[in-house]
Amino acid sequence: MHSPEQETMALQGDYDCIVVGAGVQGSFTAYQLAKNNQKTLLLEQFLLPHSRGSSHGQTRIIRKAYEQDFYTVMMEECYQLWAQLEMETNTTLFRRTGILVKGPEDDKDFQLFTDTLRRNRVPTETLTHDEFSRRLPHMVMMRGEGARIDTTAGVLYADRALRAAQGYFQSLGGVIKDGVKVLNIQPGSTVTVTTAAGEYRAKSLIITAGPWASTLLSHTGLQLPLTVVKINVCYWREKVPGTYGVDTGFPCFLQIASEGAEYHIYGLPSNEYPGLVKICYHMGSDTEPDRRDRQKDQTDIRILSRFVSLYLPGLEPEPALVESCMYTVTPDHHFVLDQHPSHRNIIIGVGFSGHGFKFAPVVGKLLCELSLGKVPSYDLSPFRIQRFLSQMKSSL
Ligand SMILES: Cc1cc2nc3c(=O)[nH]c(=O)nc-3n(C[C@H](O)[C@H](O)[C@H](O)COP(=O)(O)OP(=O)(O)OC[C@H]3O[C@@H](n4cnc5c(N)ncnc54)[C@H](O)[C@@H]3O)c2cc1C
Ligand SMILES: O=C(O)[C@@H]1CCCC=N1
């Protein structure tokens, strides 16, 4: 039993909405809630900024080129909302570079990309072998490969974007408490979350906990089929500095189906670390979010080294720098954006499967709409929990 004083100490406040997790998705969700006049608390387990989740680092790719129309369609508004945040905070968050999508002309995935680009009338350029050699003399296009450039694409400045969204949220009266880990969730018409600093209550709760989502959801009796993988974020040294630089017009790229690689390989022009080009494999090895440093598997680095020596002769074929990051992957690699099946005032935004950053402004808007009981602005059927029913164990 608590004394009345202890009760007052323990209850830290009532809110319209609590968002758990201040990665890119939670930060944009909080920003949208504050814009909708919701009294909002954003809780983050680590002191901000931090590099322990999925949203840290200087850069991410933004593109309309996708295999599915529903992503390309959402991107239209994403670009607008990124530009809006740039204006609101007077910060540059986007640099247009285009993205080269390259792969065997007859590959199923490559065709899905080119079909989506065409159907959605995304501005593109198609490069023949001769044009490719003239335009990108330091990259190899193999016989039988096709090359399209989505000219709308570019680089998002990731760390800056989190700062901008969080700062603007606070300027609208939103509250961020960092270094505060949510230890328990009690569902109900008012949701109560327990932290070491006390309890907080709200009419609705939004879970955007990235790689820690399964732990948090277990407090609500829900288990989703999420896998956490560690990504080796590799930077490769230019033999001649600037060869693949953002200022010399080298684009981001997405290599579909290169020999020996089951997943895509992607890269960004050298920018954040002069002379170093970021190139990663779009998959990693299973890990636990608090123990990722124990995961030492380097299969991805071997795949990348081979790719670099075959396709990018102007780079040293060993990484000069390796950082780390995590993906939270769903079985179909599509996001989870939904209400909790048993507690409709608990909203879930997880499983971004390594491609969610660019969507954060629209994800924030959608999670905000779900928490307010509004009709979502997009068809959420690809993102519903229902699709996992056969793979889910739950105590619902
Ligand atoms: C190497 C790499 C490259 C990528 N490249 C791209 C790209 O080019 N383009 C693109 O669009 N996307 C890209 N992505 C994907 C994108 O970065 C992620 O989809 C996105 O960052 C996921 O954000 P999140 O907010 O869901 O997760 P996170 O950033 O992990 O945020 C979750 C937050 O919740 C907090 N949290 C968890 N549990 C608790 C708790 N109990 N209490 C309080 N706080 C808690 C965590 O500490 C964390 O801060 C990439 C990802 C990686 C790793
Ligand atoms: O989302 C992105 O654009 C990047 C590149 C392709 C694979 C995953 N992330």
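Heavy-atom basis, side chains included; hydrogens, waters and symmetry copies ignored. In this text the structure is predicted, and so the values were computed from the model without any measurement. Remember, it's 1-based here, ligands and their atoms both numbered in the order they're listed.
For the pair Val20 and ligand 1, the shortest N or O to N or O distance does not fall below 3.5 Å. Where the criterion is an N or O separation shorter than 3.5 Å, residue side chain and backbone included, Gly354 meets it with respect to ligand 1. By the 3.5 Å distance cut-off applied to N or O atoms, Lys358 is counted among the residues near ligand 1. At under 3.5 Å, a nitrogen or oxygen of Gly354, whether backbone or side chain, sits near a nitrogen or oxygen of ligand 2. Looking at ligand 2, you won't find any N or O of Tyr66 less than 3.5 Å from one of its N or O atoms. On a distance-only criterion, Arg63 and ligand 2 share at least one N/O pair closer than 3.5 Å.
Short contacts between ligand 2 and Leu254, defined as distances under 4.0 Å to a heavy atom of the residue, involve ligand atoms 6 (C). Shown in contact with Met326 at under 4.0 Å from a heavy atom are these atoms of ligand 1, numbered in order with element: 53 (C). Listed by number with element, the atoms of ligand 1 under 4.0 Å from a non-hydrogen atom of Phe46 are 47 (O). Atoms of ligand 1 found under 4.0 Å from any heavy atom of Ile61, numbered from 1 in the order shown, are 7 (C), 8 (O), 9 (N), 10 (C), 11 (O). Every atom of ligand 1 is numbered from 1 in the order shown, and the set under 4.0 Å from a heavy atom of Thr208 is 32 (C), 33 (C), 34 (O). Listed by number with element, the atoms of ligand 1 under 4.0 Å from a non-hydrogen atom of Phe352 are 19 (O), 26 (O). Applying the 4.0 Å criterion to heavy atoms of Gly53 picks out, from ligand 1, the atoms 30 (O). Which parts of ligand 1 touch Gly210 is read off a 4.0 Å heavy-atom cut-off, strictly below it: atoms 26 (O), 27 (O), 30 (O), 32 (C). Those atoms of ligand 1 with a heavy atom of Ile231 less than 4.0 angstrom away are 1 (C). Proximity to His355 (heavy-atom distance under 4.0 Å) selects the following atoms of ligand 2: 1 (O).
Counting only N and O atoms by type, the side chains of Asp150 and Tyr66 include no donor and acceptor under 3.5 Å apart. Glu369 and Ser377 are linked by a side-chain donor-acceptor pair at a separation below 3.5 angstrom, with hydrogens and angles left out of the test. A donor atom on one side chain and an acceptor atom on the other are found under 3.5 Å apart for Thr220 and His340. Residues Asp130 and Thr128 bring no donor and acceptor atom of their side chains to less than 3.5 Å of each other.
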Verify side chain to side chain contact (heavy atoms under 4.5 Å, CB included) between Gln45 and Val182, making sure each step is shown before the conclusion.
CA-CA 7 Å; Gln45 63 180 339; Val182 171; over 6 Å; no

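Within the structure, the closest approach of Phe359 to ligand 1 does not fall below 4.0 Å when heavy atoms are considered. Taking a 4.0 Å cut-off on heavy atoms, Thr195 fails to register as neighbouring ligand 1. In this structure, Cys280 does not count as a contact residue of ligand 1, since none of its heavy atoms falls inside 4.0 Å of the ligand. At least one heavy atom of His50 sits closer than 4.0 Å to an atom of ligand 1.
Closest to atom 49 (O) of ligand 1, if we only count protein heavy atoms, is Glu44 OE1, 2.6 Å. Scanning all protein heavy atoms for the shortest distance to atom 31 (O) of ligand 1 gives Gly23 CA, 3.3 Å. The single protein non-hydrogen atom nearest to atom 36 (N) of ligand 1 is Gln45 NE2, 3.6 Å, given as residue, atom name and distance. Residue, atom and distance of the protein heavy atom nearest to atom 16 (C) of ligand 1 are Phe357 N, 3.6 Å. With hydrogens left out, the protein atom closest to atom 5 (N) of ligand 1 is Arg60 CD, 3.3 Å, a heavy atom. Among protein heavy atoms, the minimum distance from atom 25 (O) of ligand 1 is reached at Gln25 N, 3.1 Å. Scanning all protein heavy atoms for the shortest distance to atom 5 (C) of ligand 2 gives Tyr266 CG, 3.4 Å. Here the heavy atom of the protein found nearest to atom 41 (N) of ligand 1 is Val182 O, 3.1 Å. Here the heavy atom of the protein found nearest to atom 29 (O) of ligand 1 is Ser55 OG, 2.4 Å. Summary of contacts: the protein heavy atom closest to atom 7 (C) of ligand 2 is His282 ND1, 3.3 Å. Atom 1 (O) of ligand 2 has Lys358 NZ, 2.5 Å as its closest protein atom, hydrogens excluded (heavy atom only).
You'll find the ring centres of Phe250 and His138 outside the 6.0 Å limit. Annotation: Phe359 is not in aromatic contact with Tyr378 [ring centroid separation under 6.0 Å not met]. The aromatic ring centroids of Phe70 and Phe383 lie less than 6.0 Å from each other. Checked against the 6.0 Å centroid criterion, the rings of His355 and Tyr327 do not qualify as a close aromatic pair. Here the two rings, on Tyr31 and Phe28, have centers that are under 6.0 Å apart. With ring centers used as reference points, Trp82 lies 6.0 Å or more from Tyr157.
Between His334 and Tyr71 there is a side-chain heavy-atom pair separated by less than 4.5 Å. You'll find the side chain of Leu315 reaches within 4.5 Å of the side chain of Glu238, heavy atoms only.
Under 4.0 Å is where a charged nitrogen must lie from a carboxylate oxygen, and between Asp107 and Lys102 no such pair does. Salt bridge present: Arg148 and Glu105 bring a charged side-chain N and a carboxylate O closer than 4.0 Å. Taking the charged nitrogens against the carboxylate oxygens, Arg201 and Asp14 do have a contact shorter than 4.0 Å, which makes a salt bridge.
Within the structure, side-chain hydrogen bond (donor to acceptor under 3.5 Å, both in side chains) pairs that include any residue of residues 302-317 comprise Glu259-Arg306 (at least two apart or interchain).
Partner of Arg384 under the salt bridge (Lys or Arg N to Asp or Glu O under 4.0 Å) criterion, chosen from Asp379, Asp338, Asp332: Asp338.
Of all the heavy atoms of His355, the ones lying under 4.0 Å from any atom of ligand 1 belong exclusively to the backbone. By the criterion of a heavy-atom distance under 4.0 Å, the side chain of Trp212, and not its backbone, is placed next to ligand 1. No part of Arg60 comes within 4.0 Å of ligand 2, judged by heavy-atom distances. With a heavy-atom cut-off of 4.0 Å, Val233 touches ligand 1 through its side chain alone. Of all the heavy atoms of Ile62, none lies under 4.0 Å from any atom of ligand 2, so neither backbone nor side chain is involved.
Taking each heavy atom of Ile149 and Gly98 in turn, the nearest pair found is CG2-CA, 4.3 Å.
Summarising the contacts of atom 37 (C) of ligand 1 with Ala209, Gly26, Gly364, the nearest heavy atom is found in Ala209.
Relative to the ring axis of Phe94, Arg96 does not place its NZ or CZ within 45° and under 6.0 Å from the centre.
The local environment of CZ in Arg119 is crowded, with over 12 non-hydrogen atoms from other residues, nucleotides or ligands closer than 6.0 Å.
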